[in-house]
There are 2 protein chains.
Amino acid sequence: MEAVAPRRTRIQKEKRELILEAALDTFSTHGFRGATIDQIAEAAGMSKPNLLYYFHRKEDIFETLIQRLLITWLQPLRELDDVGDPLTELGAYIRRKLEMARDYPRESRLFANEILQGAPRIMPMLEGELKSLVDDKAAIIEGWMRAGRIAETDPYHLIFSIWATTQHYADFDVQVRAVLGPERGGNARFEDAAQFLERLFLGSLRPQCP
Amino acid sequence: MEAVAPRRTRIQKEKRELILEAALDTFSTHGFRGATIDQIAEAAGMSKPNLLYYFHRKEDIFETLIQRLLITWLQPLRELDDVGDPLTELGAYIRRKLEMARDYPRESRLFANEILQGAPRIMPMLEGELKSLVDDKAAIIEGWMRAGRIAETDPYHLIFSIWATTQHYADFDVQVRAVLGPERGGNARFEDAAQFLERLFLGSLRPQCP
DNA sequence: CTAACGTTTGTCCAAACGGTCAAAAATTGC
DNA sequence: GCAATTTTTGACCGTTTGGACAAACGTTAG
């Protein structure tokens, strides 16, 4: 049942990377239907038939992109584990997520686009792999709560809120920059956001406070 | 310079509403380019030329939709004012925003789609109207902080976080439902979210806590 | 050098797209 | 009830789209 890794020449590997890079640009800003093969081909510096020599269908490019993205996308959450101080763990998770929003905004927007359209291509993964990963991590967080190490809350909505706030700085970047204006919209906005979010989440989770 | 309101017959008013309703469905899930006039026309129960009798271009439909949306979209923030207890004010704002995500998810997704694509049609509004509105409200929040009525934080990132978390329940709805599963993904998720978010934000803003 | 293989290109296609138009049908005002 | 107006329709147009294909071009190993 496992697909065998196809043998590829040096040129094939290089050109496929070039195409995926160009496609990430195009898909992430225009969505699947909004992006055209011509557009991607031009961004990759090749002709349309040439591009179709490497990826036979438009969907193939998109699916390769999404599959690759999902592996790295959930890595920060996977790294959240039981050892160490809960607040330090969660703080590190928030920081990693925000770094991903800063360093991989196109991936974030691609994912957002797919979800906005009802996740037609990744629904099984959401209900399977993602759900069980979140279930696992929610159980860890609940363990911390029962042990009195952090305040009691809903761990699922806690995770949703961390996703929402961190990804917001990638997905809604133009809005953030427009509102902050030229003075505050520089690269410092990510450091400001990191400080704010750490305070917001960790402050509300400190056991003594609520 | 102000556009005069065009006179319209009863049928024109009704059919235009029908079209806008169908277009909201279509645009919010497929984006501007991804949606087709045929698709919208069929959803509105009329032929393509008939639809084009009421809106001469596809962009006209989209722009009417966006303009109408923006008026109601910023209403909750507009209602945030200086009278009353700060924590009550902010709690009410969060609740109103979450209600909008629950009651108008298509509008939220339409807006998200536009921002994801770089806000080509509403950039002036973001830099103008939206920025000055947020500047105003951030000043109010800063006033509360200086008076010691709430803890010190960045008011801009506070507003961003409220936007991000509440809109997440509209924009990423399929993901939220997939992760919560059939048991917890029912309509109760909005009440759970409301409780969680109120605790998260108000807890971290209580002056004594930090 | 050359045969085999990998890569690139120009040309072509059918479907889907946004949009037009004149004529038919329905509605409205008198 | 009829004329003027508004609404609906079917046929049509040029363009863009995803994709196919054979021929031309490069590359590489023997």
Side-chain angles (χ1 to χ4, degrees), chain A residues 4-67 110 113-114 117 120-121, chain B residues 4-67 110 113-114 117 120-121:
Chain A
V4 288
R7 291 160 212 284
R8 299 216 169 91
T9 67
R10 178 185 53 87
I11 292 182
Q12 270 169 357
K13 281 184 213 151
E14 288 171 5
K15 290 293 170 77
R16 281 175 65 94
E17 284 311 309
L18 242 144
I19 292 167
L20 288 171
E21 172 68 20
L24 183 56
D25 259 1
T26 314
F27 280 135
S28 68
T29 58
H30 297 101
F32 179 75
R33 285 218 45 190
T36 73
I37 298 183
D38 288 280
Q39 224 176 331
I40 298 169
E42 197 194 334
M46 62 182 75
S47 65
K48 181 169 64 168
N50 198 181
L51 182 148
L52 284 166
Y53 170 71
Y54 294 104
F55 290 90
H56 299 306
R57 290 175 308 150
K58 188 185 175 186
E59 279 225 35
D60 288 351
I61 312 174
F62 193 83
E63 253 153 35
T64 307
L65 231 36
I66 284 257
Q67 250 180 314
L110 185 75
N113 244 311
E114 171 71 6
Q117 283 166 29
R121 281 164 264 262
Chain B
V4 287
R7 289 160 215 284
R8 297 214 169 94
T9 67
R10 176 185 53 85
I11 291 181
Q12 269 167 357
K13 281 184 214 150
E14 288 172 6
K15 290 294 171 75
R16 280 174 66 94
E17 284 311 310
L18 240 144
I19 292 167
L20 289 172
E21 173 69 20
L24 182 55
D25 260 0
T26 314
F27 280 136
S28 67
T29 58
H30 296 101
F32 180 74
R33 285 218 45 189
T36 73
I37 298 183
D38 287 279
Q39 223 176 334
I40 299 169
E42 196 193 334
M46 62 182 75
S47 65
K48 181 169 66 169
N50 198 181
L51 183 149
L52 285 165
Y53 171 70
Y54 294 104
F55 290 90
H56 298 306
R57 289 173 310 148
K58 188 184 175 185
E59 279 222 37
D60 289 350
I61 313 175
F62 193 85
E63 251 153 35
T64 308
L65 231 37
I66 284 258
Q67 250 180 314
L110 185 76
N113 244 311
E114 172 71 7
Q117 284 166 28
R121 280 164 264 263

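Numbers restart at 1 for each chain; the letters A, B, ... are given by sequence-line order, proteins then strands.
- Remark: A:Ile37 CD1 to A:Leu51 CG distance equals 7.0 Å, nearest 0.5 Å.
- In this structure the side chain of B:Ile66 reaches within 4.5 angstrom of the side chain of B:Glu114, judged on heavy atoms.
- Counting only residues at least two apart or in different chains, side chain to side chain donor-acceptor pair (under 3.5 Å) contacts with residues 40-57 of chain B comprise B:Arg57-B:Asp60.
- Residue pairs satisfying the side chain to side chain donor-acceptor pair (under 3.5 Å) criterion with at least one member in residues 16-25 of chain B, sequence neighbours excluded, are listed as follows: B:Glu17-B:Arg68, B:Glu21-B:Arg106, B:Asp25-B:Arg106.
- Chain A approaches DNA chain D over the interval D:dT17 to D:dT28, counting the first and last nucleotide 5' to 3' with an atom under 4.0 Å from its heavy atoms.
- With sequence neighbours left out, the salt bridge (Lys or Arg N to Asp or Glu O under 4.0 Å) criterion links B:Glu63 to no other residue.
- You'll find the side chain of A:Asn113 reaches within 4.5 Å of the side chain of B:Asn113, heavy atoms only.
- Residues of residues 35-54 of chain B having a heavy atom closer than 4.0 Å to DNA chain D, listed by number: B:Ser47, B:Pro49, B:Asn50, B:Tyr53, B:Tyr54.
- Nearest heavy-atom pair across B:Arg33 and A:Thr36 is NH1-CG2, 3.8 Å.
- Less than 4.0 Å separates DNA chain C from no heavy atom of any residue of residues 20-33 of chain B.
- Within a 6.0 Å sphere centred on CD of A:Gln67, other residues, nucleotides and ligands contribute 12 heavy atoms or fewer.
- Between atom CG of residue A:Leu65 and atom CG of residue A:Leu24 there is a gap of 5.0 Å, rounded to the nearest 0.5 Å.
- Side chain of B:Lys58 to main chain of B:Phe32: a donor-acceptor pair is present (N/O by atom type, distance under 3.5 Å, no hydrogens or angles).
- Contact footprint of chain A on DNA chain C: nucleotides with an atom under 4.0 Å from a non-hydrogen protein atom, first to last in 5' to 3' order, C:dG6 to C:dC17.
- Remark: A:Phe55 pairs with no residue by the ring-ring contact (aromatic ring centres under 6.0 Å, His included) rule, at least two apart or across chains.
- The side-chain contact (heavy atoms from CB on, under 4.5 Å) search around A:Thr26 returns A:His30, A:Ala35, A:Gln39, A:Ile40, not counting sequence neighbours.
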